[in-house]
Asks: 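First the structure, which I've put down as structure tokens, then a few questions once you've had a look.
We number each residue from 1, following the sequence as shown.
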Amino acid sequence: MNRILGHILALAALWMAVAGCNIWSGYGPEDGLSELSISVSVSNTPAMPTKAVTINPNDYIGALNDGEKMQTLRIVIVRENGVVEHNRYMDFYGEIKRAYTEVSNITFKVYGPEKKDVYLFVNENTLQPDGLGGQKKLVDYDFNALTPGSAFPKDAISALLVTLSENNEEVPLALPMSEHHTIDMPANDYHADLYVTRASTKFTYIFDNQSNVDLSLDGLTISKASRKEYYMPRITYTGNPLAGGTYSVSDYQVPNVENNEYYVFQKTYQSGVPVPAGAVTSTYGGGPINLYILEGKYKADETDQTKRYSMSVTMNGTVYTEYFDNLPQLPRNTHVVVLITFKSYNAELDVQWTVDVYPYEEVWLEPGFGQ
């Protein structure tokens, strides 16, 4: 009898401990669990060719390498009472060196019906120089600390920053990505298709040298680059990205105060990048020049939005400058493809610029620049 009583008391104590934990607050043993299945996508745009076969900038809108894809993925599910229900970390790159633009049907056992906040954190281990000769995490946070049963630190996560300090510093690969979704979990099994947003902007440069002069790219600049941005996107969409069809960015928030902490991004090529005559140059072993900087929201004095951002390239020691004529602002996940054509007329180099922003809709942007 004492042994039976002991078992009963032990089970009662265990139930009281579980019931007292915040994750189960308000739920009794009669409440069942349902299966929540989640698929996560970066985007669904076409893949980029391995080498330049045309000079059409449309061929350059896909992901260039694994650094633009999901190498790690963390899914944190938060109950409507603000308590972490699940925190699952997946490393696709640790052993098998795989990176994905879509991960399908990740399942969880969850309570419902209730609203769930789903936080997606991608490539959280990316490092950057610390200014002291070492490295530090690009996103300075321990996501392992979001343990099930603990209160989710919503304000702290929302305030996380990605920062760059040097004028020539880029967002390192693998690109950080994140997103916050809210779903209505029913009492039965449910599937949710979710997406993540890259916490960077991308610039692709393609050179078409139609002149009879061999050129060398010595450097380039991009004006009004930002030194910091929020890690979690603060974007307002026109339309619903989850519903498919047409949607666009109508507004977004940045941590910069007015026009502080903007600068001219400068890239210098000490040995020069060959741009031979009579060829379309995709440099560095078959790929174009790709640069990654932070999103910005510079408040220009000019009312003409075609003269808000400018760029320059230095060829054979001469600087050529032009505006990004269809780039009124620079939110994250923007991909700007620049095709620069060089022609010779009467021994003087003529430069023509074609700038395309991908993907974009009537407003000016639709998220996603990779496959």
Asks: Ignoring hydrogens and angles, state whether a donor on the side chain of Asn144 or Arg74 is under 3.5 Å from an acceptor on the partner side chain.
Replies: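 Judged by distance alone, the side chains do pair up.
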
Asks: Determine the interplanar angle of the Tyr100 and Phe92 rings, folded into 0 to 90°, and report it as parallel if under 30°, tilted if 30 to 60°, perpendicular if over 60°.
Replies: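 Ring orientation, 0 to 90° scale: perpendicular.
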
Asks: Are the side chain of Glu85 and the backbone of Tyr111 linked by a donor-acceptor contact shorter than 3.5 Å?
Replies: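 Such a contact is found between Glu85 side chain and Tyr111 backbone.
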
Asks: Might you point out which heavy atoms bring Ile157 and Phe152 nearest each other, and give the distance in Å?
Replies: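 Smallest heavy-atom distance, with atoms named: CG1-CZ, 3.7 Å.
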
Asks: Looking at every non-hydrogen atom in both residues, tell me the closest pair between Asp218 and Asn316 and how far apart they are.
Replies: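 That would be OD2-N, 3.5 Å.
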
Asks: Around atom CD of Gln352, are there more than 12 heavy atoms from other residues, nucleotides or ligands closer than 6.0 Å?
Replies: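 Counting neighbours around CD of Gln352, more than 12 heavy atoms of other residues, nucleotides or ligands fall under 6.0 Å, so yes.
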
Asks: Does a donor on one side chain and an acceptor on the other come within less than 3.5 Å for Thr201 and Thr334?
Replies: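 No, because no side-chain N or O of Thr201 sits under 3.5 Å from a partner of the opposite role on Thr334.
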
Asks: Enter the distance from Asn168:CG to Gln266:CD here, rounded to the nearest 0.5 Å.
Replies: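 So the gap between those two atoms works out to 8.0 Å.
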
Asks: Pick from Ile183, Thr182, Val78: which one makes a side chain to side chain contact (heavy atoms under 4.5 Å, CB included) with Lys116?
Replies: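 That would be Ile183.
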
Asks: Other residues, nucleotides and ligands only: do more than 12 of their heavy atoms fall within 6.0 Å of CZ on Arg98?
Replies: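 Counting neighbours around CZ of Arg98, 12 or fewer heavy atoms of other residues, nucleotides or ligands fall under 6.0 Å, so no.
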
Asks: Whether the side chain of Asn209 engages the backbone of Val275 through a donor-acceptor N/O pair (distance < 3.5 Å, no angle test) should be reported.
Replies: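 Flag set: sc Asn209 to bb Val275 pair under 3.5 Å.
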
Asks: Which of these, Val355, Ile222, Ile289, sits in a side chain to side chain contact (heavy atoms under 4.5 Å, CB included) with Phe203?
Replies: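 Result: among Val355, Ile222, Ile289, Ile222 is the only option passing the side chain to side chain contact (heavy atoms under 4.5 Å, CB included) with Phe203.
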
Asks: Tell me whether Glu170 contacts the main-chain N or O of Tyr292 through its side chain, where contact means a donor paired with an acceptor under 3.5 Å.
Replies: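 Flag set: sc Glu170 to bb Tyr292 pair under 3.5 Å.
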
Asks: Within the structure provided, determine whether Pro153 and Leu146 are in side-chain contact (heavy-atom separation under 4.5 Å).
Replies: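 Heavy-atom side-chain distance check passes, below 4.5 Å.
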
Asks: Could you check if a side-chain atom of Tyr190 sits within less than 4.5 angstrom of a side-chain atom of Asp184, using non-hydrogen atoms only?
Replies: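 Answer no - side chains too far apart.
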
Asks: Counting N and O atoms only, with roles assigned by atom type, does the side chain of Glu124 sit under 3.5 Å from a partner on the main chain of Thr72, one being a donor and the other an acceptor?
Replies: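 It does not hold such a pair.
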
Asks: Quick one: does Leu215's side chain get under 4.5 Å of Val213's, heavy atoms only?
Replies: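 Heavy-atom side-chain distance check passes, below 4.5 Å.
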
Asks: Side chain of Glu80, backbone of Lys115: donor and acceptor closer than 3.5 Å?
Replies: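 Yes; judged by distance alone, with no hydrogens or angles, the pair exists.
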
Asks: Ignoring hydrogens and geometry, is there a side-chain-to-backbone donor-acceptor pair from Ser34 to Ala187 under 3.5 Å?
Replies: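 Side chain of Ser34 to backbone of Ala187, a donor-acceptor pair under 3.5 Å: yes, one is there.
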
Asks: Do you know the tightest heavy-atom contact between Ser216 and Gly272?
Replies: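 Shortest heavy-atom contact: OG-CA, 3.4 Å.
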
Asks: Does the side chain of Ser211 come within less than 4.5 Å of Leu349's, by heavy atoms?
Replies: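 Of all side-chain heavy-atom pairs linking Ser211 with Leu349, at least one is under 4.5 Å.
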
Asks: Give the minimum heavy-atom separation between Pro148 and His86, together with the two atoms involved.
Replies: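 Shortest heavy-atom separation between Pro148 and His86 comes out as CG-CA, 4.4 Å.
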
Asks: Kindly assign one of parallel, tilted or perpendicular to the pair Phe342 and Tyr320, based on the angle between their ring planes and the thresholds 30° and 60°.
Replies: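 Taking Tyr320 first and then Phe342, their aromatic rings stand perpendicular (interplane angle over 60°).
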
Asks: More than 12 non-hydrogen atoms from neighbouring residues, nucleotides or ligands closer than 6.0 Å to CG on Asp350, yes or no?
Replies: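 It does: Asp350 CG has more than 12 such atoms within range.
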
Asks: Compare all side-chain heavy atoms of Gln128 with those of Leu138 and state whether any distance is below 4.5 angstrom.
Replies: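 Yes, their side chains come closer than 4.5 Å.
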
Asks: Ignoring hydrogens, what is the shortest heavy-atom contact between Asn256 and Lys228? Give both atom names and the distance.
Replies: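 Nearest pair, atom of Asn256 first, then Lys228: OD1-O, 3.4 Å.
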
Asks: Thr197 versus Arg332: any side-chain heavy-atom pair under 4.5 Å?
Replies: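 Side-chain contact under 4.5 Å: yes.
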
Asks: Looking at Lys297 and Glu295, is there a salt bridge between them, counting it only when a charged N and a carboxylate O are closer than 4.0 Å?
Replies: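 Looking at Glu295 and Lys297, the cut-off is not met.
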
Asks: Please state whether the rings of Tyr195 and His181 are parallel, tilted or perpendicular, taking 30° and 60° as the class boundaries.
Replies: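 Ring orientation, 0 to 90° scale: perpendicular.
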
Asks: Determine whether Tyr93 and Met70 make a side-chain contact, defined as any pair of heavy atoms from C-beta on separated by less than 4.5 Å.
Replies: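 No, side chains not in contact.
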
Asks: Counting C-beta onward and ignoring hydrogens, is there a side-chain heavy-atom pair between Thr236 and Gln253 closer than 4.5 Å?
Replies: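 Thr236 does not reach Gln253 side chain to side chain.
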
Asks: Quick check: closest heavy atoms across Ala99 and Lys69, and the distance to 0.1 Å?
Replies: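 Closest pair (atom of Ala99, atom of Lys69, distance): CB-CB, 3.8 Å.
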
Asks: Give the intermediate values and the outcome of side chain to side chain contact (heavy atoms under 4.5 Å, CB included) for residues Glu68 and His335.
Replies: CA-CA 12 Å; Glu68 296 182 6; His335 184 192; over 6 Å; no

